[in-house]
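The chains referred to below are lettered A, B, ... by the order of the sequence lines, with proteins before strands, and numbering in each begins at 1.
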There are 2 protein chains.
Amino acid sequence: MAYVNENYLNVSESYLFSTIAAKIRGYLEENPEAPLIRLGIGDVTLPLPACVLEALHQATEEMGRKETFKGYGPEQGYEFLRECIAEGDYAARGIVMDASEIFVSDGSKCDTGNIQEIFGEGNTIAIPDPVYPVYVDTNVMAGKAGKRLENGRYSGIMYIECNRETGFKPVIPEGRADIVYLCYPNNPTGTVLDKKELAVWVDYALKNKVVLLYDAAYEAYISDNTIPRSIYEIDGARECAIEFKSFSKTAGFTGLRCAYTVIPKDLVAYTRKGDAVKLHKLWNRRQSTKFNGVPYITQKAAASLYTEQGRREIGERIRYYMGNARLIRSSLLQSGYEVFGGEHAPYVWLKTRDGMSSWEFFDHLLQNLQIAGTPGSGFGTNGEGYFRLTGFGSSENTLEAARRLTGGKSI
Amino acid sequence: MAYVNENYLNVSESYLFSTIAAKIRGYLEENPEAPLIRLGIGDVTLPLPACVLEALHQATEEMGRKETFKGYGPEQGYEFLRECIAEGDYAARGIVMDASEIFVSDGSKCDTGNIQEIFGEGNTIAIPDPVYPVYVDTNVMAGKAGKRLENGRYSGIMYIECNRETGFKPVIPEGRADIVYLCYPNNPTGTVLDKKELAVWVDYALKNKVVLLYDAAYEAYISDNTIPRSIYEIDGARECAIEFKSFSKTAGFTGLRCAYTVIPKDLVAYTRKGDAVKLHKLWNRRQSTKFNGVPYITQKAAASLYTEQGRREIGERIRYYMGNARLIRSSLLQSGYEVFGGEHAPYVWLKTRDGMSSWEFFDHLLQNLQIAGTPGSGFGTNGEGYFRLTGFGSSENTLEAARRLTGGKSI
């Protein structure tokens with residue numbers, strides 16, 4: 001008789017996006033003419049850059065000729081792309097990172113979800129709240145999170161409280177942690193850590209032999225040099241951090257799927273006996289055994305982003321989305337809202353007014369201004385009373401949303 | 001202090017393909033003019049079909065226009081591809097399978113590796129020997145295989161002995177099993193199970209509430225209607241089997257990455273308390289949380305295979321590789337070898353002569369006939385004294401290899 005993994009039954013069912021969709025559907029059925037603007041979206045909307053299209057067409061041609069056809073590729077990614085990344089995203093910023101320390105994958109969701117596999121039982125896992133739900137859920141599914149409590153939290157997770165008092169930034173935990181998830185620029189709050197703030201975490205990790213899992217999927221949205229775009233800009237991070245980066249939100253690869261994870265060869269964790277084991281070796285084993293690499297044509301597409309044209313086309317996209325985010329931010333500030341993020345991230349995080357819950361605010365915004373966003377409570381306990389808007393809409397719609405937010409109608 | 005998953009340290013390091021590569025390199029350094037023929041390869045060599053190239057180009061164009069750009073897709077696969085599969089691979093063969101029971105993925109290696117996650121601790125896992133190593137290794141990494149023994153086996157795995165006496169077919173285990181991996185047509189032995197033989201397994205599974213994990217990645221190589229191309233051709237399989245299929249070896253997608261896994265909604269496993277849980281729901285949770293779908297362009301490419309042109313182009317490829325496999329098989333038989341497979345599978349499995357070990361035969365074949373193959377011992381204890389050749393080479397090379405195998409030079 002086959003037994004299921006009962007930890008799966010312990011995962012909180014998230015109805016966040018399905019509830020949002022149902023509410024919007026209901027509203028539009030009653031108000032078919034309503035000029036709805038969707039600012040809840042976490043997905044890109046601009047088409048793929050020209051350099052990417054060209055690379056895809058060219059690589060497709062190669063796959064159609066016997067002489068240039070590519071079958072199974074290396075599970076870790078083709079050398080040509082790993083070299084581009086090492087040079088373009090690290091060496092160019094003064095960071096030493098060997099191409100062999102970079103693992104190309106089909107997405108940061110997969111990588112941040114799978115990474116817990118290489119860690120054992122008995123680690124205390126610290127996760128900020130509010131947070132991207134994948135970090136928590138994948139630990140729950142692996143039986144590493146303890147029991148589900150009434151408030152939706154888990155008994156075995158150490159929550160790092162991010163709230164108004166901390167400026168939605170993480171504070172070093174008081175108890176013992178072994179593994180810490182961090183995401184900066186942050187989803188959902190749009191906040192960032194400057195070099196000094198991040199250095200505090202690196203110092204803490206080095207002192208306590210903690211491994212930091214650093215999700216930097218939105219680093220391209222940073223425009224201020226004092227804010228690190230990679231955790232490896234901080235001295236010592238090679239010995240304590242794994243970094244996740246993605247082409248999803250830079251070049252619009254959400255539907256094309258390419259990302260990468262960096263595990264420096266200096267980074268170790270320990271056996272129960274105290275022997276150090278290189279995490280690079282374990283992740284390499286994981287990827288070699290359970291993954292068969294990213295399509296050749298996708299990797300050629302990603303490599304095209306490291307040309308002058310590629311950089312320019314990414315820059316255009318970032319400027320477009322950030323223009324939207326800044327406009328939302330300034331409109332909200334002008335209307336007297338308390339706002340976080342939206343300066344170095346496509347996400348704007350606002351405090352609701354009049355003690356409204358996140359869902360009350362959702363309804364309010366939908367019905368009075370015909371704007372759809374995302375309730376902050378969907379990202380954790382500390383998100384209650386907050387709300388997320390994003391810069392991923394079209395500039396026309398965002399402009400109109402800004403008009404409504406600041407305009408005649410009061411919200 | 002972060003702890004590693006020590007189960008990873010328990011995985012047998014496989015040096016099979018790296019040792020093969022090193023031996024070939026050494027031989028070619030000493031004999032740079034040697035006309036080496038590689039028949040060890042498990043990867044396709046023919047380029048992508050024309051219908052796939054066309055679909056890729058067209059879908060790439062769609063991704064370049066704002067109106068038709070696709071961002072995040074459904075984690076389970078686009079409806080258009082799931083419908084093609086349900087119709088083309090199931091309904092057309094009289095099997096009822098709803099599109100929602102099909103999960104599109106980036107490869108059967110990933111799916112057969114990840115599937116163990118939805119099963120709990122305490123299951124007895126039965127795995128044939130010889131076997132594709134991923135089934136064993138992924139269970140070892142999850143701590144579900146017990147201790148590594150001196151012979152390379154694991155104390156917690158129930159091995160299904162496939163050998164000369166059983167015709168390299170699996171025999172129902174005597175002890176209790178909960179989960180059984182089967183792969184037919186088989187890699188590495190090329191053997192198949194007919195409907196009656198497979199029905200024995202389905203009956204066994206239904207009686208004992210066993211879940212069968214059926215890897216049918218090579219089903220397209222079957223040319224005899226009495227041999228099932230899907231386990232769901234057997235009555236009752238919807239209640240006991242998960243099926244894995246792939247576009248890798250049919251349409252040459254090894255470098256493009258697309259496969260699918262079928263989990264009927266009738267299929268359950270149990271909690272420790274004895275409650276039935278639908279595995280469809282658990283896998284859906286797994287994929288939704290840890291996977292972000294297959295690229296839109298790849299799914300359009302896969303859908304193009306369900307056209308008349310697609311079927312024809314796949315047929316041409318299968319005939320080409322099977323022509324090679326049959327030629328290898330007949331040459332070996334003509335030379336007096338005992339041979340398995342090569343009739344409904346691209347793999348030919350031969351017994352070495354004169355008590356040679358698999359590696360001795362490798363050296364012998366390389367040095368005397370300049371043919372490279374794969375030692376059977378790399379696939380498990382029962383592979384010792386056997387050897388795998390494949391039909392994935394070019395027809396010219398395979399013809400020349402056949403000449404050498406049957407010709408003047410004795411081996």
Against chain A, label Asp111(B) side chain, backbone, both or neither, depending on which of its atoms sit under 4.5 Å from a heavy atom there.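 Neither part.
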Does any heavy atom of chain A fall under 4.5 Å from the side chain of Asn208(B), the backbone, both, or neither of them?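 Just the backbone, heavy atoms under 4.5 Å.
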What part of [X] lies closer than 4.5 angstrom to a heavy atom of chain B: side chain, backbone, both or neither?
| X | result |
| --- | --- |
| Glu75(A) | side chain |
| Arg272(A) | both |
| Leu9(A) | side chain |
| Ser288(A) | backbone |
| Met141(A) | side chain |
| Ile118(A) | both |
| Ala205(A) | neither |
| Glu13(A) | both |

Restricting to non-hydrogen atoms, name the atom on [X] and the atom on [Y] that form the minimum distance, rounded to 0.1 Å.
| X | Y | result |
| --- | --- | --- |
| Ser394(B) | Lys66(A) | CB-NZ, 4.0 Å |
| Tyr3(B) | Gly122(A) | CD1-O, 4.5 Å |
| Arg286(A) | Asn114(B) | NH2-OD1, 3.7 Å |
| Leu279(A) | Val4(B) | CD2-CG1, 3.9 Å |
| Ala2(A) | Val211(B) | CB-CG2, 3.6 Å |

Find the one option among [options] whose heavy-atom pairs under 4.5 Å with chain A are most numerous.
| options | value |
| --- | --- |
| Leu46(B), Thr112(B), Asp106(B) | Leu46(B) |
| Gly107(B), Cys110(B), Gly113(B) | Cys110(B) |
| Val134(B), Leu282(B), Val268(B) | Leu282(B) |

May I ask you to check whether over 12 heavy atoms, not counting those of Gln58(A), lie within 6.0 Å of atom CD?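 Counting neighbours around CD of Gln58(A), 12 or fewer heavy atoms of other residues, nucleotides or ligands fall under 6.0 Å, so no.
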Can you check side chain to side chain contact (heavy atoms under 4.5 Å, CB included) on Asp137(B) and Arg285(A), steps first, answer last? CA-CA 10 Å; Asp137(B) 290 352; Arg285(A) 164 55 83 170; 3.9 Å; yes
Go through the structure and list residues passing side chain to side chain donor-acceptor pair (under 3.5 Å) with Tyr8(B), not counting sequence neighbours.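 In terms of side chain to side chain donor-acceptor pair (under 3.5 Å), with neighbours along the sequence ignored, Tyr8(B) is linked to Glu117(A).
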For Tyr72(B), enumerate each residue passing the side chain to side chain donor-acceptor pair (under 3.5 Å) test, keeping only those at least two apart in sequence or located in another chain.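 Tyr72(B): side chain to side chain donor-acceptor pair (under 3.5 Å) contacts with Lys249(A).
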Close side-chain approach of Leu56(B) to Leu56(A), heavy-atom, < 4.5 Å: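 Side-chain contact under 4.5 Å: no.
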Any side-chain heavy-atom pair of Phe69(A) and Leu48(B) under 4.5 Å: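 Phe69(A) reaches Leu48(B) side chain to side chain.
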Heavy atom to heavy atom, less than 4.5 Å: which residues from residues 290-298 of chain A reach chain B?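 Only Lys290(A), Phe291(A), Asn292(A), Gly293(A), Pro295(A), Tyr296(A), Ile297(A) of residues 290-298 of chain A have a heavy atom under 4.5 Å from chain B.
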Top contributor to chain B contacts, counting heavy-atom pairs under 4.5 Å, from Gln116(A), Lys109(A), Arg176(A):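 Between Gln116(A), Lys109(A), Arg176(A), the count favours Lys109(A).
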Would you please test Glu61(B) and His57(A) for side chain to side chain contact (heavy atoms under 4.5 Å, CB included) and show each step? CA-CA 9 Å; Glu61(B) 285 303 307; His57(A) 283 306; 2.7 Å; yes
In Å and rounded to the nearest 0.5 Å, what is the NZ to CG distance from Lys144(A) to Asn5(B)?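 Reported value, rounded in 0.5 Å steps: 6.0 Å.
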For the CG atom of Asn7(B) and the CD atom of Glu121(A), what is their distance to the nearest 0.5 Å?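 Reported to 0.5 Å precision, the distance equals 8.5 Å.
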My understanding is that only residues two or more places apart in sequence, or in another chain, count here; which of them pass ring-ring contact (aromatic ring centres under 6.0 Å, His included) with Tyr204(A)?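 Trp201(A).
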